[in-house]
Number of protein chains: 2
Amino acid sequence: MTAKNIFLNKRPSSTDTKNKIMNAAEAAIVRGGYSAFSFRDIAEEVGIKSASVHYHYPTKADLVVAVMMRFTDEFQAILADPEVDDFDARTTLNHFIDGFRSKNVERHSMSICTMLTADKHLLSEAVSQSLADFYQVKLGWLTKVFMRLENLPEDAARDRAGQFVATLHGASVLVQATGELAWYEKVASPWRQPSE
Amino acid sequence: MTAKNIFLNKRPSSTDTKNKIMNAAEAAIVRGGYSAFSFRDIAEEVGIKSASVHYHYPTKADLVVAVMMRFTDEFQAILADPEVDDFDARTTLNHFIDGFRSKNVERHSMSICTMLTADKHLLSEAVSQSLADFYQVKLGWLTKVFMRLENLPEDAARDRAGQFVATLHGASVLVQATGELAWYEKVASPWRQPSE
DNA sequence: AAATATCTACCTATCACAAGATAGGTGCAA
DNA sequence: TTGCACCTATCTTGTGATAGGTAGATATTT
């Protein structure tokens with residue numbers, strides 16, 4: 001690959017297409033879960049044919065595992081490290097609540113992990129595992145946050161992390177079911193931290 | 001219909017079959033949501049043909065609406081009235097937590113309303129409405145419970161009801177996703193009431 | 001440098017199957 | 001003889017997946 005090619009080569013890049021496919025799949029899963037999209041849907045959105053989607057991801061399970069792994073990686077990349085000295089646990093938790101709201105609740109959808117959890121019965125072992133892995137990452141990080149925030153030992157902090165995760169996820173279910181966005185703040189408010 | 005017929009008539013009763021169909025559908029929805037069962041599945045379980053299921057419930061939406069309405073009715077019938085004098089709010093709430101656990105969480109599934117909420121994008125208007133109706137009934141009852149339990153005005157009690165519902169639903173998501181049943185008690189414990 | 005081979009990212013066409021739904025028929029009880 | 005609860009048979013649509021082909025970029029050989 002010469003420098004020229006970077007500008008002139010019109011040959012489709014595999015990673016570009018793969019990312020487009022994952023983007024479409026992720027959006028579709030958030031909208032309606034595992035069974036709410038087909039290879040044909042994805043293909044149309046990306047601008048290729050369904051057989052070409054199979055070229056990049058042989059099976060649906062392969063595709064969803066890839067989506068979950070990317071999701072987990074991005075999640076980890078964005079998070080602040082709770083073990084550095086100047087970590088601000090209060091602000092971080094508030095931002096987390098806001099992020100969950102803007103990324104999921106306000107878009108009239110639930111998180112990709114809640115959606116896949118609901119479809120767990122029809123997930124392959126590999127997909128289930130990638131889902132469980134994500135929860136471990138999420139709970140692990142929140143455990144550290146609560147250790148800092150509430151000066152708790154790891155065990156107790158992990159319980160708090162679980163309570164927190166459950167509350168946010170449950171809130172998004174409540175919003176989705178009733179159609180009342182206001183529920184989110186009402187449910188999440190006990191977890192909000194005073195700014196000072 | 002004579003008294004004799006009660007014992008001798010082997011002609012299938014419409015309501016019996018309808019109940020069997022609803023039982024099968026409800027169990028299937030709890031297992032995997034709206035798209036996880038077909039008329040053929042239901043038919044096989046009941047012991048008739050799929051066309052006969054359509055005879056009782058012309059469309060899938062009709063069937064699921066019927067299931068949700070029956071579910072809501074049964075829910076209301078079981079609940080103690082929080083407005084009578086000897087209503088024991090503490091015990092009632094503990095029983096509610098236990099009931100949610102034994103009916104959903106321990107069976108490695110989530111509640112029918114959580115499952116349908118996740119599938120909301122593909123529900124017809126009628127089904128969505130029956131789902132929203134159930135949540136209103138549930139929240140309405142819990143609001144009264146919290147008014148008694150915590151001596152709150154209606155507004156504040158309703159917020160508490162929402163927080164409670166969200167927590168239990170979220171806990172069941174967490175259990176389902178991680179496969180760790182222990183999360184349920186850990187998440188629900190702050191809501192448990194001291195027995196005296 | 002030219003010729004050849006291989007690889008890549010797509011394509012068309014098709015498979016087997018399962019879905020919701022409908023038309024029209026059968027047997028039996030009231 | 002009417003109505004009910006069921007049946008067989010079939011339609012259409014959509015699914016995940018596969019086989020096999022093609023044009024063009026890249027790599028290898030001559």
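Letters A, B, ... are given to chains in the order of the sequence lines, protein chains preceding strands, and every chain is numbered from 1.
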**Q.** Interatomic distance, H54(A) NE2 vs dT15(D) P [rounded to whole Å]
**A.** 11 Å

Q. Given atom OH of Y57(A) and atom P of dC10(C), what is their separation to the nearest angstrom?
A. 12 Å

Q.
I need the minimum non-hydrogen distance between T114(B) and Y135(B), along with the two atoms involved.
A. N-OH, 4.0 Å

**Q.** S38(B) vs dA18(C): side-chain N/O to OP1/OP2 distance below 4.0 Å
**A.** no

Q. What is the distance from NZ of K60(A) to P of dG16(D), rounded to the nearest Å?
A. 4 Å

(Q) Whole angstroms only, please: what is the CG-C1' distance between D62(A) and dA17(D)? (A) 12 Å

Q.
Can you measure L122(A) atom CG to dT15(D) atom P for me and round it to whole angstrom units?
A. 15 Å

**Q.** For the student: nearest non-hydrogen atoms of C113(B) and K138(B), plus distance
**A.** SG-NZ, 4.0 Å

Q) When the distance from CZ of F39(A) to C1' of dC10(C) is rounded to whole Å, what number comes out? A) 16 Å

**Q.** Check: S38(A)/D41(A) side-chain N/O donor and acceptor closer than 3.5 Å
**A.** yes

Q | Rounded interatomic separation in angstrom, taking CG from D16(B) and C1' from dC6(D) | A | 15 Å

Q | Any donor-acceptor N or O pair under 3.5 Å, side chains D133(A), Q129(A) | A | yes

Q) Under 4.0 angstrom, heavy atoms only, what part of the nucleic acid is F37(A) near: base, sugar-phosphate, or nothing? A) sugar-phosphate

Q. What pair of heavy atoms forms the shortest contact from Q136(B) to R158(B), and how long is it?
A. OE1-NH2, 2.8 Å

Q | Gap between atoms CG and P, on D41(B) and dC17(C) respectively (whole Å) | A | 17 Å

Q | F39(A) six-ring centre to K60(A) NZ/CZ under 6.0 Å and within 45° of normal | A | no

Q.
So, using side-chain hydrogen bond (donor to acceptor under 3.5 Å, both in side chains) as the criterion, who are the partners of T117(A) when residues are at least two apart?
A. none

Q. According to a strict under-4.0 Å criterion, is H56(B) in side-chain N/O contact with OP1 or OP2 of dC4(D)?
A. no

Q. Which nucleotide sits closest to the side chain of T59(B): dC10(C), dA17(D), dA21(C)?
A. dA21(C)

Listing time: all N or O pairs from protein to nucleotides 7-13 of chain D that are below 3.5 Å?
residue: dC7(D); atom: OP2; partner: K49(B); partner atom: N; Å: 2.5
residue: dC7(D); atom: OP2; partner: S52(B); partner atom: OG; Å: 2.5

